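From a predicted model like this one, the values you see are computed outputs, not experimental measurements.
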Amino acid sequence: YVKVKNLRVVDQNGSGDDWAGIVEIEVFGSEEATDKPPVWKLDTANKIVSGMTLGTTVASFIEGFHGADVKVTDADGKAVSGSALLGTGMKATYNGTTFQAALPGDLTGDGKTMITDVMEACKILARKSLNIEPTAVEKIAGDVNGDTSVNITDVMGLCKILAQKA
């Protein structure tokens with residue numbers, strides 16, 4: 001059978017609009033496929049793509065766009081592909097718009113949680129104490145507990161991730 005549906009652009013709050021003319025077409029045998037790639041959240045106002053987890057490869061990230069032409073570059077503009085880990089700060093160009101990737105737990109852009117990510121989260125807290133708000137990307141990357149804020153609970157969450165690795 002053939003399955004056709006419109007793709008949607010979704011903002012951080014989960015709302016979005018259908019994009020006319022952009023469709024996903026899948027052709028299957030007699031049974032529907034169950035392993036569809038994920039759909040990432042596109043924040044068009046801040047030009048951020050999120051919803052990915054640590055360990056996401058660039059190849060699986062691109063699959064999440066359902067076959068659309070997506071180019072991924074690192075923070076320096078060098079093309080990235082395949083099994084390389086997707087990291088916060090990498091850029092994805094999709095339908096003529098460039099989005100910056102944000103992965104909770106990865107504040108340094110290496111696609112992993114390391115002690116340097118804990119240090120970056122502490123820097124965010126120090127800036128917040130001076131009434132300097134984190135950037136939209138920092139808010140997503142530093143929010144490991146999902147409460148939409150970067151706070152001491154997130155620093156402890158990053159430490160817990162590191163402790164579980166040891």
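The shortest side-chain heavy-atom distance between K139 and I124 does not fall under the 4.5 Å cut-off. Proximity of C122 to V155: side-chain heavy atoms (C-beta onward) are separated by under 4.5 Å at one or more points. The shortest side-chain heavy-atom distance between M114 and D110 falls under the 4.5 Å cut-off. Residues R127 and E138 meet the side-chain proximity criterion, which asks for heavy atoms closer than 4.5 Å. At a threshold of 4.5 Å between non-hydrogen side-chain atoms, the residues K91 and V72 do not count as touching.
Not one N or O on the side chain of W40 forms a donor-acceptor pair closer than 3.5 Å with the backbone of M52. Looking only at distances, a side-chain donor or acceptor of T57 sits under 3.5 Å from a matching main-chain atom of S60. Checking side-chain atoms of D143 against main-chain N and O of D147 turns up a donor-acceptor pair under 3.5 Å. With hydrogens and angles disregarded, no donor-acceptor distance shorter than 3.5 Å links the side chain of D106 to the backbone of L103.
Between the CZ atom in F65 and the OH atom in Y94 there is a gap of 6.5 Å [rounded to 0.5 Å].
Applying the side-chain hydrogen bond (donor to acceptor under 3.5 Å, both in side chains) definition to pairs two or more places apart or across chains, those involving residues 69-83 are D69-K71.
No single ILVMFWY cluster, assembled from side-chain heavy atoms under 4.5 Å apart, contains both I48 and L107. Hydrophobic clustering (side-chain heavy atoms under 4.5 Å, transitive across Ile, Leu, Val, Met, Phe, Trp, Tyr) groups V150 together with I152. A chain of hydrophobic side-chain contacts below 4.5 Å, direct or via other Ile, Leu, Val, Met, Phe, Trp or Tyr residues, connects V49 to V58. Placement of I140 and V144 in two distinct hydrophobic clusters is found when ILVMFWY residues are connected by side-chain heavy-atom separations under 4.5 Å, directly or transitively.
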As a quick check of understanding, evaluate side chain to side chain donor-acceptor pair (under 3.5 Å) for D117 and T108, giving each step before the final call. CA-CA 6 Å; D117 297 295; T108 59; 3.0 Å; yes
Run the side-chain contact (heavy atoms from CB on, under 4.5 Å) test on T97 and T44 for me, step by step, so that the C-alpha distance in whole Å, both residues' side-chain angles and the decisive distance to 0.1 Å come before the verdict. CA-CA 9 Å; T97 302; T44 56; over 6 Å; no
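Scored by the side chain to side chain contact (heavy atoms under 4.5 Å, CB included) test, L85 finds K112 as partners (sequence neighbours excluded).
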Only pairs under 3.5 Å count here: list side-chain donor-acceptor contacts from residues 158-166, not counting sequence neighbours, and write none if there are none.
from : atom 1 : to   : atom 2 : distance (Å)
K165 : NZ     : T113 : O      : 2.5

